[in-house]
Amino acid sequence: MSAPHPDTWLRVLPQGLYCEPGDFFIDPLRAVGHAVITHGHSDHARPGHGGVLATEATLAIMRVRMGEGAAGERQQPLGYRTPLDHRGVGITLVPAGHVLGSAQVVLDWQGSRVVVSGDYKRQPDPTCAAFEPVPCDVFVTEATFGFPVFRHPDPAHEIAKLLKSLTIFPERTHIVGAYSLGKAQRVIALLRAAGWDQPIFIHGALASLCALYEAHGVALGPLLPATGAAKDTLKGAIVIAPPAAAADRWSRRMNDPLIARASGWMRVRQRAKMAGVELPLVISDHADWDDLLRTVDETQAPEVWVTHGAEEALIHALSLRQIKGRPLSLVGYEDDEAPEETVAEPEA
Amino acid sequence: MTPFAELLERLVFTPGRLAKLALLRDYFTHTPDPDRGFALAAIAGDLSFTAAKPAMIRELVTARVDPTLFAWSYDYVGDLAETAALIWPGSRAGTAPRLSDVVSILSDTPKAALPAVVADWLDMCDASERLALLKLITGGLRVGASARLAKIALGEMAGVPADDIEEVWHGLQPPYGPLFDWLSGRAPKPDAAGAPVFRPTMLAHPLEETDAAALDWSAYRAEWKWDGIRVQLVATPQGRRLYTRTAEDISHGFPEILAAMEFHGVLDGELLVMRDGEVAPFADLQQRLNRKSPGPKMLKDFPAGVRLYDILFDGDEDLRALSFDDRRARLEAWFAHHQPARMDLSALIPFTAQADLAELRFGARAASIEGLMLKRGDSAYLAGRPKGPWWKWKRAPLTIDAVLMYAQRGHGRRSSIYSDYTFGLWREDGVLVPVGKAYSGITDQELAFIDRWVRAHTTSRFGPVREVEKGLVLEIAFDAAQRSNRHKSGVALRFPRISRIRTDKPAAEADRLDSLIARIPAGGPAKGEALVEEGD
Ligand SMILES: [Zn+2]
Ligand SMILES: [Zn+2]
């Protein structure tokens, strides 16, 4: 008997991607009874589920971001590469290289294998475990940067731009807008790797996540709260803040601020201009075009399902490689490199 | 190519003038010769290649990239060179060529060999370098800095006034070796004798009421202040140039004026679009200023002319130390002798008392008149803005009460504040139509007030723009209203600025569009009126 095709046991329901024999959802878009969560970004990890299976780091991130009560009634941590049998469905979490704790979900059912990658990237990142390709029958991928114009440069090169800017504008406070989970900590780690050993000032919204990263063994060096810091000490300093705060009222208290933004979208000038930034830094936590295709090749999957992003171009490119592409058109996954709308700064 | 590409990229995103200067200084300080000279030429518009056509770029890319993916990407990015730069497959295979090598190889390469050379370069470059290269070789380079700004940066770097650089500039060719030798202290200042160089302009102060009260009116001469742009015409045996008052060389944009400069001398005047001696609205001149090299239709439909009001050099005789009255006599004699085409002469406005002029100024409502100029008869032509010899007496602004419609975040220091406003007036059918944008005119407190108001009354957002409830009335001051096909309302305002916030006025009682249209003057200024202007 040949193995069942994945579309017989893995379906798209209004709540999200559903594994029928296992009776659970992966990154469901609304509250469900059983959820497997790939990573802690709020569009993938939503509040109010019954049982939640995820890596220990992802569960910790969920607790910090949504509070103990909302992060699932029953939390079940699962280590990387530790297969778990659930009603005959094998569930294995494998590093996705996206943010701390991020995992691909490998599902085995009666000899057929699907890998749900969640969000992922292939560039090295000192703040999380590196992506590992897993051969499979269907690879479920994102396509946030599914256009061939998105080809991320070496992030060290982008960090060098930031440091050079500080030598040209030694008086100005350089505020880097960076998504508070993952991007912010990666930018800090990249700065440390480039030799920046001065204190880095952070927006209040980043404090608990930075502490969580530190507790998971990611060294970030000296961090100080930006709010309340004397204007003088912020001269020539680097401040990391959520993008919306960097571009808004919050930044006014800084000294002649220079607004930078770390995002894959910064690659296209018109998008960078619309964001109103003075120093675009092309640093992304998502796979770029080349890496999307390379990853599909490495999984050897004859069929690829695309959850969200620019699926049309990716599916066209896959067809040129004789790979069957299918858009899942899951509505509700947002783009976590776009600015967050509002960011409340918790009281200090 | 690498430092040049980095500079261009930073300039594109840097709104502040001081920040741009810092970037330029840093570039000129750290980039070796002759690359920095060619970069300066690129900024000044003196380096343009047209050898590579967009079609060639497209062919190079589609030979390497699936055409469907390329078409979708082009659609998404919206710019051919940028799409090509981003989509070019493979990552930086070597070191990007130096700017000076690009320039010399381009000029030596036969056309047929060009595609292979360019493809090779693209392989060696990263995305920003590819973009700079493609823009440069297709003649599409837009630098976020003017030649003047680059010269100011060079001056700051070397401790030399920018005007000294202007003086030697036009005797030099890219990559301006003698200029950089002088700025680096390796050689004396290059000799510009006989070159058509810019001469620093004399500027006027605005006349406030207290100044007017203290003025000895009998010592002054009066002219109309027209709404064009101030220009300097320079013609020497070595060449002809048309400069703005900030020393931008706009010769290429106005070939008919250059052709008419059949003389040697330096003259000061107002550049205007004129039809049969009648001045067209500023919007017409704007059409010309937007074009780097106008086509025949543009030249025919928007004919430019110059209204002369001062003479700085007659031949190589420097007249700047003479009094205004003496220069005026020289100007009239010079004009009678040369009778240059496309130029006419300023007339002085006769008056006996301040009251005469006040009345004229009040009555000056033609779209192309900004007010009056007052120049002391015994004043020499002095560089800069000395207080006393020249005054500009702008007519009182017109005002309307308009409703705030959209607000946008500003740039630089104001990047976090909603400081750019689109306002509208009520049409007869009760629809609010936008009539203009204003960025200035209010205090920081008022700015903060509007910012708060905008945030609290936003109805929708598009990128940095917020649409707001129709609830805040702003009094807008402006210099003139003109008909415009490019505006939905059919009206364009000249120099709109916010004069106050009318929290006392309900939006429904703001002005109607009709009442603004009624204030558009019927034609240009009447023929035979004294026609001199000093624009700035
Ligand atoms: Zn994510
Ligand atoms: Zn996502």
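Reminder, nothing fancy here: chain letters follow the sequence lines and each chain counts from 1. Because the structure is predicted, anything quoted here is derived from the model rather than measured.
- Using a distance-only test at 3.5 Å, with no hydrogens or angles considered, a donor-acceptor pair links the side chain of A/R151 to the main chain of B/W88.
- Aromatic ring pairs are classed by plane angle as parallel below 30°, tilted from 30° to 60° and perpendicular above 60°; the pair B/Y76 and A/W265 is tilted.
- Taking both residues in full, the closest heavy atoms of B/A22 and A/I168 are given as O-CG2, 3.8 Å, listed atom of the first, atom of the second, then distance.
- Under the 4.5 Å side-chain criterion, counting only non-hydrogen atoms from C-beta, B/E6 is in contact with A/K164.
- With a 4.5 Å cut-off on non-hydrogen atoms, A/T167 does not touch chain B at all.
- Proximity to chain B is limited to the backbone of A/V277, based on heavy atoms less than 4.5 angstrom apart.
- Taking NE2 from A/H316 and CG from B/D66, the interatomic distance works out to 3.5 Å, rounded to the nearest 0.5 Å.
- With a threshold of 4.5 angstrom between heavy atoms, A/A272 approaches chain B through its backbone and through its side chain.
- Looking at B/A19, both its backbone and its side chain come within 4.5 Å of chain A, counting heavy atoms on both sides.
- The minimum heavy-atom distance between B/L69 and A/A313, with the atom names listed, is CD2-O, 3.6 Å.
- Per-residue heavy-atom pair counts under 4.5 Å with chain B were compared for A/H157, A/E312, A/K161, and the maximum is reached by A/E312.
- Distance check: A/S251 OG to B/I417 CD1 gives 9.0 Å after rounding to the nearest 0.5 Å.
- In this structure, the side chains of B/D79 and A/R269 stay at 4.5 Å or more apart for every pair of heavy atoms.
- Residues A/E278 and B/T14 share a closest heavy-atom pair of OE2-CG2, 3.5 Å.
- Using a 4.5 Å heavy-atom threshold, the side chains of B/R10 and A/L279 count as touching.
- The contact between B/R455 and chain A is made entirely by side chain atoms (from C-beta outward), counting heavy-atom distances below 4.5 Å.
- Here CD1 of B/I87 is found 8.5 Å from CH2 of A/W289. Values are rounded to the nearest 0.5 Å.
- With a threshold of 4.5 angstrom between heavy atoms, A/P280 approaches chain B through side-chain atoms but not through N, CA, C or O.
- Taking CZ of B/F13 as the reference point, atom CE of A/M266 lies at 8.0 Å (rounded to 0.5 Å).
- Of the atoms belonging to B/L23, heavy atoms from both backbone and side chain fall under 4.5 Å from chain A.
- Inter-residue side-chain proximity for A/K273 and B/V12 is flagged as met; some heavy-atom pair is nearer than 4.5 Å.
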